[in-house]
Amino acid sequence: MATPQLEKTYNPKAVEDRWTRAWIARRYFHASPDHPGKPYCIVIPPPNVTGSLHVGHALNHSLQDILIRWRRMQGRNTLWLPGTDHAGIATQNVVEKQLMAEGLSRESLGRERFVERVWQWKAASGNTIINQQKQLGESCDWDRLRFTMDEGLSKAVIEVFVRLYEDGLIYRGERLINWCPRCLTALSDIEVEHEDIKGKLYHIRYPLTDDPDTVLVVATTRPETMLGDTAVAVHPDDPRYRHLIGKKVRLPLTTREIPIVGDRILVDFEFGTGAVKITPAHDFNDYEAGERHGLTRLAVLDHAALLDAAGMQQAAVEPSVIEMLRGLPVSKARPKVETLLRERGILATTEDHKMAIGKCYRCKTVVEPYLSPQWFVNIKPLAEPAIKAVEERRIRIVPESWVNNYLGWMRDIKDWCISRQIWWGHQIPAWYCLACNGRQIITADGRTTILPGAVPIVSKSAPTRCPSCGSTDLLRDPDVLDTWFSSALWPFTTLGWPDQTPELKTYYPTSTLVTGLDILFFWVARMVMMGLKFMGDVPFKDVYIHALVRDAEGQKMSKSKGNVIDPLHVMDQFGTDALRFTLASMASPGRDIKLAEERIEGYRNFANKIWNAARFALMYLDGPRTALPPGQRTFPDRWILSRLGHAIRAVTAELESYRFDRAATVLYQFIWHEYCDWYLELIKPVLQAPEHLDGASTRHTLVETLETTMRLLHPFMPFITEEIWQTLPRQGDSIVLQNYPVLDQDWVAPDVEQHFSLLEHTVGLTRTGRALLNYPPGQQIPFHVGHDDPNRQNQLHQLQRHLAHLSRGTAEVSSPCDWPAVRLLRLVTEGLSVGIGVSGDVDLKKAIERLAKQIMETDKELQRVDGKLKNLEFVSKAPPEVIAEHQGRVQTLSRDRVLLADSERQLRAMLAV
RNA sequence: GGGCGAUUAGCUCAGUGGUAGAGCGCUUCCUUCACACGGAAGAGGCCACAGGUUCGAUACCUGUAUCGCCCACCA
């Protein structure tokens with residue numbers, strides 16, 4: 001017997017560090033277009049460069065790594081392409097915060113030095129998440145690490161922008177957009193998070209100009225914006241108001257008069273008072289109504305969402321009101337306006353009202369609709385092919401339930417605002433000739449505003465002179481592109497586009513995209529559109545959408561709530577394999593994951609179980625082993641191989657349909673309950689008797705099964721499987737490069753499995769008996785087994801040896817009727833009877849009392865079900881014919897066990913003891 | 001307002017038109033020579049509610065309730 005080479009308890013830390021380094025150093029994960037095999041490629045959803053690994057990443061990346069390792073082992077030419085996203089606003093915010101701590105600001109630094117500073121920050125901190133990904137065991141091709149602002153990718157971004165512009169799919173215009181007054185930039189529609197809050201509905205009196213005694217009461221949730229009203233709308237069919245259309249009201253707090261218009265789109269006359277104020281510069285609906293009625297747009301809020309004196313002046317607001325409100329944020333201005341209106345008797349009434357406000361997805365500041373010139377993508381022409389691709393299932397979305405979500409959004413898609421007024425990002429490749437556009441370009445307070453009338457020169461490289469007037473006085477558009485613009489190109493720009501690289505040819509379209517549904521619209525939809533536009537093909541064939549990870553209470557994890565599970569901490573405490581396996585096992589479709597640490601601890605135990613199974617196997621490595629044809633294998637060997645075959649088939653099938661959870665369950669079940677609990681126990685007598693005839697065959701199967709199992713498990717638990725695999729007899733340097741197990745048809749043995757289930761059942765009965773009788777564990781228990789079916793009776797004979805061993809007893813197989821009836825308790829199920837001999841020093845009376853008690857309880861339960869169960873076959877697992885045969889002498893012991901007495905009288909006697 | 005999903009053991013979740021499953025937790029027994037991060041035996045469920053289809057429904061259909069998510073400009 002060999003000395004065990006492994007520690008008694010699995011210690012993940014050292015193992016993980018060692019293999020992380022070795023795998024990367026040996027470049028096992030490096031992919032090349034020349035490699036053989038059908039390509040399999042995943043591009044990673046690039047985490048923000050500011051990020052550190054949170055549990056959502058851990059889930060997302062674990063699942064990808066499972067797929068990647070699995071496909072690699074299957075012999076595919078496998079590329080997992082890693083990278084990070086420059087995360088425009090998020091990163092800029094991080095660096096600005098740093099500057100603030102130093103008493104600096106980005107304005108004081110100036111654009112160039114600020115951007116330089118961000119690059120410095122990236123160089124210093126940008127690799128945090130990459131290193132954490134490596135710790136997680138991710139088998140990315142780290143040689144191909146990309147960053148969305150790499151030179152090549154930036155070039156591609158410019159290329160795309162220019163081509164879209166030339167195709168008329170990018171335009172510039174002044175629109176009402178979502179504006180974050182803290183980040184001071186435009187946001188796209190989906191960058192706004194809506195939240196319900198309780199607000200008030202203010203009813204305000206607007207007097208008619210030709211009849212000041214008549215007032216039109218309008219309802220609004222934002223009284224402070226009334227200063228910018230340019231009309232009041234009523235429904236043209238509303239009998240209360242329709243005669244007023246065309247008249248004017250005097251706008252309170254101002255000296256302006258505004259018209260009453262009829263608008264059936266804006267006005268729902270059941271809501272509020274049926275009259276709506278129109279503020280085209282501060283509300284999306286009003287903006288459109290303003291377009292319909294040709295209204296002017298008066299902005300009374302500035303870019304920081306403060307009440308703007310100049311704007312108010314232009315809106316003819318009373319000077320005293322301007323003085324009161326100037327420079328105030330909306331939150332302070334609103335109560336002041338309310339008080340003012342109340343004092344002047346203009347406020348009719350207020351009522352509580354639930355309303356939705358939008359917040360910036362980066363900084364949670366309330367966003368304002370803001371009128372400003374921006375760049376947009378004309379998205380409909382791009383969306384159409386992207387809709388078709390999913391409808392025609394050229395892209396398969398898993399789970400399918402998200403298809404409708406995707407299609408619904410795509411069919412109703414709005415133009416995409418892609419310009420951001422920040423400095424960190426891809427600067428828009430547009431220039432303006434100052435000579436030609438002199439009056440369109442205004443610089444004030446250090447902010448340059450390029451009015452919508454300015455004519456851009458869009459070009460891949462900086463033009464030296466204006467093509468129309470020849471002037472060299474050119475100004476580049478200061479805006480940068482939405483971060484998601486470059487992300488949308490990720491599947492092809494990372495492979496070298498616009499160059500026709502071998503990588504692009506080999507790996508595009510990629511195979512699978514693994515992502516959370518939170519970025520389905522931000523990212524997935526846009527990749528589809530851009531991929532189809534520029535590559536003429538879908539960017540990926542499958543999209544697997546996984547759930548969100550929440551804490552054990554189902555709350556979204558957030559730092560402020562303090563309920564964040566830090567994956568690095570967990571990896572440290574329980575091991576990376578345990579975390580990965582946990583996440584995989586909980587990745588059921590269509591349900592969020594509530595993660596609790598106990599669960600991870602459970603899989604840590606699983607890792608330890610595997611470890612010890614390996615230790616056990618290693619003790620018998622030294623003995624001779626033979627490769628025997630299946631016929632010569634022993635019963636336990638044939639059984640475990642048959643089960644292994646099932647596991648292989650199941651795991652593979654589940655992975656093919658992205659059921660990581662079920663694959664994990666299969667592995668857990670097989671390894672713990674079949675390999676460890678039964679197989680290892682079954683073969684112990686053979687292994688521990690050195691001269692046993694079956695020794696060679698058994699040792700062979702023991703190791704063969706373990707080795708195969710390690711390969712089967714490797715994608716899920718890469719570290720421990722590698723470590724164990726290394727100790728086994730093997731060919732090759734690393735499990736990473738081994739073949740994934742495939743089912744060997746010779747292993748399939750239904751007859752053996754049937755055999756085994758008889759054994760399992762019988763052993764279970766003896767153990768129950770032992771527990772019921774309080775047999776001391778050390779004491780051997782004498783028992784008889786028999787079966788009504790002669791065939792199975794025979795099988796029992798063959799299993800006698802195993803039975804005796806596993807039951808720790810002396811087994812005798814005899815036909816059910818010829819047992820010594822005295823002092824035996826018999827347990828029967830499915831025609832199988834086990835009689836346990838009761839030796840003198842056990843209190844038979846007590847044992848029978850306990851049985852009787854159980855029977856009584858069961859009886860009560862049966863009576864509760866109200867006579868429906870007159871026939872015991874409903875509660876017994878015994879086949880009906882067996883029950884019928886024993887009618888009247890059978891009592892239910894529990895739902896699946898029946899106590900059998902030789903006669904009713906005997907039964908009564910037993911119960912009455 | 002629209003759409004989607006959930007509701008199964010104390011907790012977290014699988015699952016199937018035909019006798020209810022797992023992990024964790026709990027109870028009892030056991031430190032036997034792979035593992036106490038272990039072994040064995042147990043307890044514990046009108047499968048949210050109400051109808052319908054069916055020989056039979058936890059599963060299929062309809063409705064109700066509660067919770068969650070996504071989308072949406074209702075002032």
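Keep in mind it's a predicted model, so treat the numbers as computed, not measured. Chain letters run A, B, ... following the sequence lines, proteins first, then strands; residues in each count from 1.
Among the heavy atoms of the strands lying under 4.0 Å from A:Lys8 are primed sugar atoms or P, OP1, OP2 only; no base atom is included. Among the heavy atoms of the strands lying under 4.0 Å from A:Leu266 is at least one base atom, whether or not backbone atoms are also near. Among the heavy atoms of the strands lying under 4.0 Å from A:Phe271 is at least one base atom, whether or not backbone atoms are also near. When heavy atoms are screened at a 4.0 angstrom cut-off, A:Gly199 is found touching no nucleic acid atom at all. Among the atoms of the strands shown, base atoms are found under 4.0 Å from some heavy atom of A:Val267. Within the nucleic acid shown, A:Glu681 comes within 4.0 Å of at least one base atom, counting heavy atoms only. The residue A:Asp677 sits close only to the backbone: its heavy atoms come under 4.0 Å of sugar-phosphate atoms, none of a base. Using a 4.0 Å heavy-atom distance criterion, A:Lys684 is classed as a base contact.
For A:Phe521, counting side-chain heavy atoms from C-beta on, the closest listed nucleotide (B:rC71, B:rA34, B:rC37) is B:rC71. In this structure, of B:rA75, B:rA41, B:rC35, it is B:rA41 that holds the atom nearest to the side chain of A:Arg767. Side-chain proximity of A:Thr221 to B:rC70, B:rA34, B:rA75: nearest is B:rA75. Here the nucleotide nearest the side chain of A:His353, chosen from B:rA75, B:rA14, B:rA34, is B:rA75. Closest approach to the A:Met619 side chain among B:rG38, B:rA34, B:rC73 is made by B:rA34 (side chain taken as heavy atoms from C-beta onward). Nearest to the side-chain atoms of A:Thr9 among the listed nucleotides B:rA14, B:rC35, B:rC37 stands B:rC37. Across B:rA75, B:rC71, B:rA34, the shortest atom-to-atom separation from the side chain of A:Tyr620 is found for B:rA34. For A:Ala356, the listed nucleotide lying nearest its side chain is B:rC74; candidates were B:rA34, B:rA40, B:rC74. Nearest to the side-chain atoms of A:Lys609 among the listed nucleotides B:rG15, B:rC74, B:rG39 stands B:rG39.
Taking 4.0 Å as the cut-off between side-chain N and carboxylate O, A:Lys359 and A:Glu195 count as a salt-bridged pair. Of the charged side-chain nitrogens involved, none lies within less than 4.0 Å of a carboxylate oxygen, so that A:Asp352 and A:Lys198 do not count as a salt-bridged pair. Of the charged side-chain nitrogens involved, none lies within less than 4.0 Å of a carboxylate oxygen, so that A:Glu597 and A:Arg604 do not count as a salt-bridged pair.
Shown here are the side chain to side chain contact (heavy atoms under 4.5 Å, CB included) partners of A:Leu517, two or more places apart in sequence or in another chain: A:Trp402, A:Ile545. Checked against side chain to side chain contact (heavy atoms under 4.5 Å, CB included), A:Ser657 has the following partners two or more places apart in sequence or in another chain: A:Glu654, A:Arg659. With sequence neighbours left out, the ring pair (Phe, Tyr, Trp, His ring centres under 6.0 Å) criterion links A:His802 to A:Phe635. A search for side chain to side chain contact (heavy atoms under 4.5 Å, CB included) contacts involving A:Arg599 returns A:Thr582, A:Ser585, A:Met586, A:Tyr603, not counting sequence neighbours. Scanning for side chain to side chain contact (heavy atoms under 4.5 Å, CB included) contacts around A:Asn612 gives A:Asn608, A:Arg615, with sequence neighbours left out. Residues that satisfy the ring pair (Phe, Tyr, Trp, His ring centres under 6.0 Å) test with A:His235, not counting sequence neighbours, are A:Phe269. For A:Tyr10, the ring pair (Phe, Tyr, Trp, His ring centres under 6.0 Å) test picks out A:Trp611, with sequence neighbours left out.
B:rU19 and B:rG56 have their P atoms separated by 15 Å, with the value rounded to a whole Å. Comparing B:rA22 with B:rC69, their P atoms are spaced 32 Å from each other, to the whole Å. If you take atom C1' in B:rC67 and the same atom in B:rA48, they sit 11 Å apart, rounded to whole Å. Comparing B:rG17 with B:rU32, their C1' atoms sit 47 Å apart, to the nearest whole Å.
Between A:Trp672 atom CH2 and B:rC35 atom C1' there is a gap of 9 Å when expressed in whole angstrom units. Computed from coordinates, the A:Glu193 CD to B:rC73 P distance equals 15 Å when rounded to whole Å.
Checking each of A:Tyr668, A:Phe574, A:Phe716, A:Phe670 against A:Phe606 for a ring pair (Phe, Tyr, Trp, His ring centres under 6.0 Å) leaves exactly one that passes, namely A:Tyr668.
Taking a 4.0 Å limit (strictly below) on heavy-atom distances, residues 572-584 of chain A does not reach RNA chain B anywhere. Using a 4.0 Å cut-off on heavy atoms, the residues of residues 660-668 of chain A that approach RNA chain B are A:Arg662, A:Tyr668, listed by number.
Between A:His673 and A:Arg808, it is A:His673 whose nearest contact on RNA chain B lies nearer the 5' terminus.
Cation-pi geometry between A:Lys684 and A:Phe616 is met: under 6.0 angstrom from the ring centre, within 45 degrees of the axis.
In RNA chain B, consecutive stretches of 3 or more Watson-Crick or G-U wobble pairs with both distances under 3.5 Å are given as paired ranges: B:1-7 with B:65-71, B:10-13 with B:21-24, B:26-30 with B:38-42, B:48-52 with B:60-64.
A:Arg264 contributes atom CZ, which lies 4.5 Å from atom CG of A:Asp237 (distance to the nearest 0.5 angstrom). Distance OH/A:Tyr202 to OG1/A:Thr350: 7.0 Å, rounded to 0.5 Å.
At the phosphate of B:rC74, neither OP1 nor OP2 sits under 4.0 Å from any side-chain N or O atom of A:His194. Under 4.0 angstrom from either OP1 or OP2 of B:rG15 there lies at least one side-chain N or O belonging to A:Arg659.
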Atom pairs, N/O to N/O, protein against nucleotides 1-3 of chain B, distance under 3.5 Å?
none

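Contact of A:Arg599 with B:rC24 (side chain to base): no donor-acceptor pair of N or O atoms is detected under 3.5 Å.
Sequence neighbours left out, the pairs with a member in residues 277-289 of chain A that pass salt bridge (charged side-chain N to carboxylate O under 4.0 Å, His left out) are A:Asp229-A:Lys277.
Aromatic ring centroids of A:His673 and A:Tyr679 lie 6.0 Å or more apart.
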